[in-house]
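A quick write-up on the structure given underneath.
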Protein chains: 2
Amino acid sequence: MSRILPHPTREQIELPGVMDCLSDPIRLAIVYNLAKREKEVGELRCGDFYGLSGKSNLAYHFAKLREAGLMETRAVGTARLMKLRREDLESRFPGLLDAVLASAERDAERLQLPVLEFTEA
Amino acid sequence: MSRILPHPTREQIELPGVMDCLSDPIRLAIVYNLAKREKEVGELRCGDFYGLSGKSNLAYHFAKLREAGLMETRAVGTARLMKLRREDLESRFPGLLDAVLASAERDAERLQLPVLEFTEA
DNA sequence: CAAATGGTTCAAGAAATATTGAACATTGCG
DNA sequence: CGCAATGTTCAATATTTCTTGAACCATTTG
């Protein structure tokens with residue numbers, strides 16, 4: 001399971017791909033939770049998101065997020081640790097992620113954005 | 001042709017709908033051009049966008065943009081004049097539209113964002 | 001080595017979106 | 001009124017995206 005997971009370089013990150021990722025409720029919830037726990041834990045594992053959907057469906061969304069350049073995934077043992085590519089996103093699209101996250105936070109209830117519980121690493 | 005075109009109120013504008021609109025190349029091009037000519041002409045007509053796609057396809061995208069709250073459409077004679085709902089968007093999602101437009105401008109070539117020619121009102 | 005853990009991949013089906021062309025509606029004009 | 005101009009709507013199709021479950025793979029653990 002340690003096949004190389006393809007990540008775009010910073011320069012390869014495209015606006016439409018990012019916007020598309022953030023327009024899907026499940027992916028927005030993933031990014032939202034990733035951002036929310038960013039300072040504390042930094043990275044999260046796939047299993048932390050099982051509240052959102054089934055395993056294989058999540059794998060699909062993770063791949064989209066990774067391929068669009070929103071997050072970075074690294075394999076550690078049997079797990080995968082994921083984190084937001086904040087700096088890359090900020091560099092390519094200044095202010096965009098923050099604006100989206102702030103709006104998401106404000107509308108969290110309305111958007112039914114779940115705040116997940118995370119296992120301690 | 002003057003049936004009432006439904007517009008959401010400011011409060012009804014939802015983040016996913018807006019993001020989804022901006023993730024489509026045609027709709028992004030529409031918004032981009034709308035923003036670009038905003039100061040000069042303010043409003044644009046459907047026909048100004050015929051370079052992007054066919055009439056009926058554009059009508060479909062216009063409806064999406066309108067229903068998502070990105071633009072306002074008013075009927076004037078046989079034409080429709082459209083403009084960005086800048087203030088409403090800024091109020092609901094501060095900084096979002098500007099961040100998207102700035103990134104789109106920077107990547108205009110790469111995204112092949114066409115700058116259309118507009119008929120004088 | 002065998003089994004458990006944590007995820008990915010694949011194929012299939014469901015559902016949502018986008019695109020097209022033809023028909024229709026409204027307004028403006030001679 | 002009759003016709004042109006400007007868009008919309010509808011139905012059909014094409015395309016894309018999402019979702020699910022089963023099979024699979026790699027890593028750790030006993």
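In what follows, chains carry the letters A, B, and so on, assigned in the order in which the sequence lines appear, proteins first and then strands, with residues in each chain numbered from 1. Note that the coordinates shown come from a computational prediction; the quantities given were computed from them, not determined experimentally.
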Problem - Atom-to-atom span, CZ of Arg74(B) to P of dT27(C) - whole angstrom - result: 15 Å

Exercise for the section: Whole angstrom is fine here: how far is it from CZ in Phe49(B) over to P in dT6(D)? Expected result: 15 Å

Practice task
Take the protein atom CG of Leu52(B) and the nucleotide atom P of dG7(D), then report the distance between them rounded to whole Å.
Solution key: 14 Å

Problem - Below 4.0 Å: OP1/OP2 of dT20(D) and any side-chain N or O of Ser53(A) - result: yes

Problem - His61(A) side chain to Ala59(A) backbone, donor-acceptor under 3.5 Å - result: no

Could you list the donor-acceptor pairs under 3.5 angstrom formed between side-chain atoms of residues 67-75 of chain A and any protein atom two or more places apart in sequence or on another chain?
unit_1	atom_1	unit_2	atom_2	d
Arg74(A)	NE	Glu43(A)	OE2	2.7
Arg74(A)	NH2	Glu43(A)	OE1	2.9

Handout entry: Arg80(B) vs Phe62(B) side-chain heavy atoms within contact, under 4.5 Å
Key = no

Exercise for the section: Answer with yes or no whether the side chains of Arg92(A) and Ser103(B) bring together a donor and an acceptor at under 3.5 Å. Expected result: no

Completion exercise
Numerically ordered, the residues 54-73 of chain B set in heavy-atom contact under 4.0 Å with DNA chain D is Lys55(B), Ser56(B), Ala59(B)

Exercise for the section: Measure the shortest side-chain to side-chain distance between Lys55(A) and Phe49(A) over non-hydrogen atoms and say whether it is less than 4.5 angstrom. Expected result: no

Exercise for the section: Using atom types as modelled and distance alone, determine if a side-chain donor or acceptor of Asp48(B) lies under 3.5 Å from a backbone N or O of Leu44(B). Expected result: no

Exercise for the section: Could you tell me whether Gln112(B) atom CD has more than 12 heavy atoms of other residues or ligands within 6.0 Å of it? Expected result: no

Problem - Neighbours of DNA chain D within residues 13-33 of chain B, by heavy-atom distance under 4.0 Å - result: none

Exercise for the section: Nearest whole angstrom, please: distance from the P of dG7(D) to the CZ of Arg80(B). Expected result: 9 Å

Problem - Contact check, side chains of Arg27(B) and Leu22(B), non-hydrogen atoms, under 4.5 Å - result: no

Problem - Atom-to-atom span, CG of Leu81(A) to P of dT27(D) - whole angstrom - result: 15 Å

